[in-house]
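Residue numbers start from 1 in every chain, and the chains themselves are labelled A, B, ... in the order their sequence lines are given, proteins ahead of strands. Quick caveat: nothing in here was measured; it's all calculated off a predicted structure.
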There are 2 protein chains.
Amino acid sequence: MARPRNFDEEDVLRKAMALFWSKGYESTSLADLLQTTGLSKSSLYETFGSKRELFLRAFQLYKKDRMDGLTAGLSQPDAYLALTNAFKTVLDGKGNQMGCMTANEAIELAPHDPKLQEMVESDFYNIEEVFRQTIERGKENGSLRAGLDSRKMARFLTVSLQGINVMIRAQAKREVLEDFISVALEKLNERE
Amino acid sequence: MARPRNFDEEDVLRKAMALFWSKGYESTSLADLLQTTGLSKSSLYETFGSKRELFLRAFQLYKKDRMDGLTAGLSQPDAYLALTNAFKTVLDGKGNQMGCMTANEAIELAPHDPKLQEMVESDFYNIEEVFRQTIERGKENGSLRAGLDSRKMARFLTVSLQGINVMIRAQAKREVLEDFISVALEKLNERE
DNA sequence: ACCATTATGGACCGAATGGTCCGTAATTAT
DNA sequence: ATAATTACGGACCATTCGGTCCATAATGGT
């Protein structure tokens with residue numbers, strides 16, 4: 001009954017996400033967003049309300065995408081293989097020198113923005129949970145030693161992941177990350 | 001032979017450092033800097049040249065301060081105690097929910113600013129080195145198991161530290177960090 | 001064909017950005 | 001006391017920032 005949009009909302013969100021992920025919130029200007037998405041200013045504001053709201057939706061989409069990917073990557077029965085693979089995937093991630101958007105926002109916005117602090121915190125908790133469930137499963141099906149403290153180990157892996165994300169974004173040498181991962185993952189199969 | 005400054009350059013640098021550390025580079029405005037340091041705009045530009053140069057000097061000062069502190073903290077003969085103490089100090093650090101300025105800049109600036117990428121990289125390397133030397137010392141005086149791979153373990157600790165820094169800045173619950181540290185530091189005294 | 005409705009381009013806005021410049025104040029050496 | 005030198009306050013600047021608004025274009029329903 002009216003003129004249709006000539007853009008796909010999710011498509012725009014993903015383009016905005018890529019920008020915010022790469023440059024951060026403050027350093028991404030409206031001009032950047034308009035250029036990358038191809039939208040006009042009025043369309044962007046009509047559709048998303050403000051730069052901040054657009055960012056929030058883009059970040060939510062990131063969190064969802066990433067959790068889906070992580071969950072999928074951890075789905076194989078052998079929990080040890082699942083977890084080691086997940087970490088090694090981070091290293092080889094296709095075009096990724098951008099690190100993790102959640103880690104980025106943990107540093108840029110969380111300290112001074114309660115809403116984002118909450119979003120970041122919940123994402124970290126979700127990661128912890130999916131790690132924990134994977135470890136539980138591993139203990140049940142024998143792919144991980146039964147004596148592991150699931151929650152503790154899940155937290156260890158969660159924080160480890162953030163360390164990796166920082167180093168990736170700083171373009172650290174691959175060997176550094178390989179050494180880190182190699183040591184960190186020993187915690188999964190060592191005997192007590 | 002001329003009018004003297006009525007401010008101390010290092011004092012100003014430290015105030016600027018605190019601001020950049022807390023808010024990041026982009027989100028710290030000139031107005032913030034002038035207000036916090038008490039300088040006039042002309043004095044600031046006369047003395048430091050530009051916002052960026054001021055930032056660079058503040059960041060250099062941060063790196064120096066932090067390395068001095070870390071080195072001092074690791075100076076005790078017992079390397080295991082030295083390292084565990086260093087990590088636990090990070091948790092209890094006085095007013096620190098700001099994380100580590102180097103980690104912050106690794107995320108905010110390093111990916112798009114070669115000069116900063118280099119500064120961050122060298123800081124990480126320096127941290128790795130001081131960890132490595134501490135571990136070497138521990139192996140020599142028997143406070144650490146001789147079988148440890150010093151470089152590998154130093155890298156493990158360096159990246160671990162960055163994970164902690166992200167979590168601190170995101171105001172993660174203390175238990176999460178305690179769990180992480182407890183697991184990570186087991187790597188230092190486990191038998192093979 | 002035309003009306004109701006929505007999308008869009010672009011003009012416009014005030015505020016804030018980093019930065020320059022200059023007249024004046026303060027100081028020391030002579 | 002004065003000349004030389006440096007520091008400083010604040011006016012000024014162009015640009016960019018996020019955001020608003022409106023006139024016009026495009027579409028679907030009837």
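- A parallel orientation is assigned to the rings of A:Phe131 and A:Phe87, their planes being inclined by less than 30° (bins at 30° and 60°).
- Atom CD of B:Glu46 and atom P of C:dG18 are 20 Å apart (whole Å).
- B:Gln162 and B:Asn165 are linked by a side-chain donor-acceptor pair at a separation below 3.5 angstrom, with hydrogens and angles left out of the test.
- Counting any heavy atom pair closer than 4.0 Å across all strands shown, B:Thr28 reaches sugar-phosphate atoms only and no base atom.
- Rounded to an integer number of Å, the gap from B:Lys51 NZ to C:dG19 P is 8 Å.
- Considering only side-chain N and O atoms, B:Ser40 lies nowhere under 4.0 angstrom from the phosphate OP1 or OP2 of D:dC8.
- Between B:Leu34 atom CG and D:dC8 atom C1' the separation is 12 Å, expressed in whole Å.
- OP1 and OP2 of D:dA7 both lie 4.0 Å or more from every side-chain N or O belonging to B:Ser43.
- A salt bridge links B:Glu129 with B:Arg151; the closest basic N to acidic carboxylate O contact falls under 4.0 Å.
- Looking at which nucleotide of DNA chain D each of B:Lys41 and B:Arg5 is closest to, the 5′-most match is held by B:Arg5.
- Criterion: ILVMFWY side-chain heavy atoms under 4.5 Å apart, direct or through other members. Under it, B:Met167 and A:Tyr125 are not part of a common hydrophobic cluster.
- Residue B:Asn6 has a polar side-chain atom (N or O) positioned under 4.0 Å from OP1 or OP2 of D:dC8.
- Side-chain nitrogen and oxygen atoms of B:Ser42 include none within less than 4.0 Å of the OP1 or OP2 phosphate oxygen of D:dC8.
- Straight-line distance from the NZ atom of B:Lys23 to the C1' atom of C:dA16: 13 Å, rounded to whole Å.
- What separates CG of B:Leu33 from C1' of C:dG18 is a distance of 11 Å, to the nearest Å.
- Going from atom CZ of A:Phe20 over to atom C1' of D:dG18 covers 12 Å, rounded to whole Å.
- Of the candidate nucleotides C:dT8, D:dG18, C:dT17, C:dT8 has the atom nearest to the side chain of A:Phe7.
- If you take CD of B:Gln35 and C1' of C:dA16, they are 15 Å apart, rounded to a whole angstrom.
- Taking atom CZ of residue A:Phe48 and atom C1' of nucleotide C:dT8, one finds them 15 Å apart after rounding to whole Å.
- The cationic atom of A:Lys51 (NZ for Lys, CZ for Arg) does not lie both less than 6.0 Å from the six-membered ring centre of A:Phe20 and within 45° of the ring axis.
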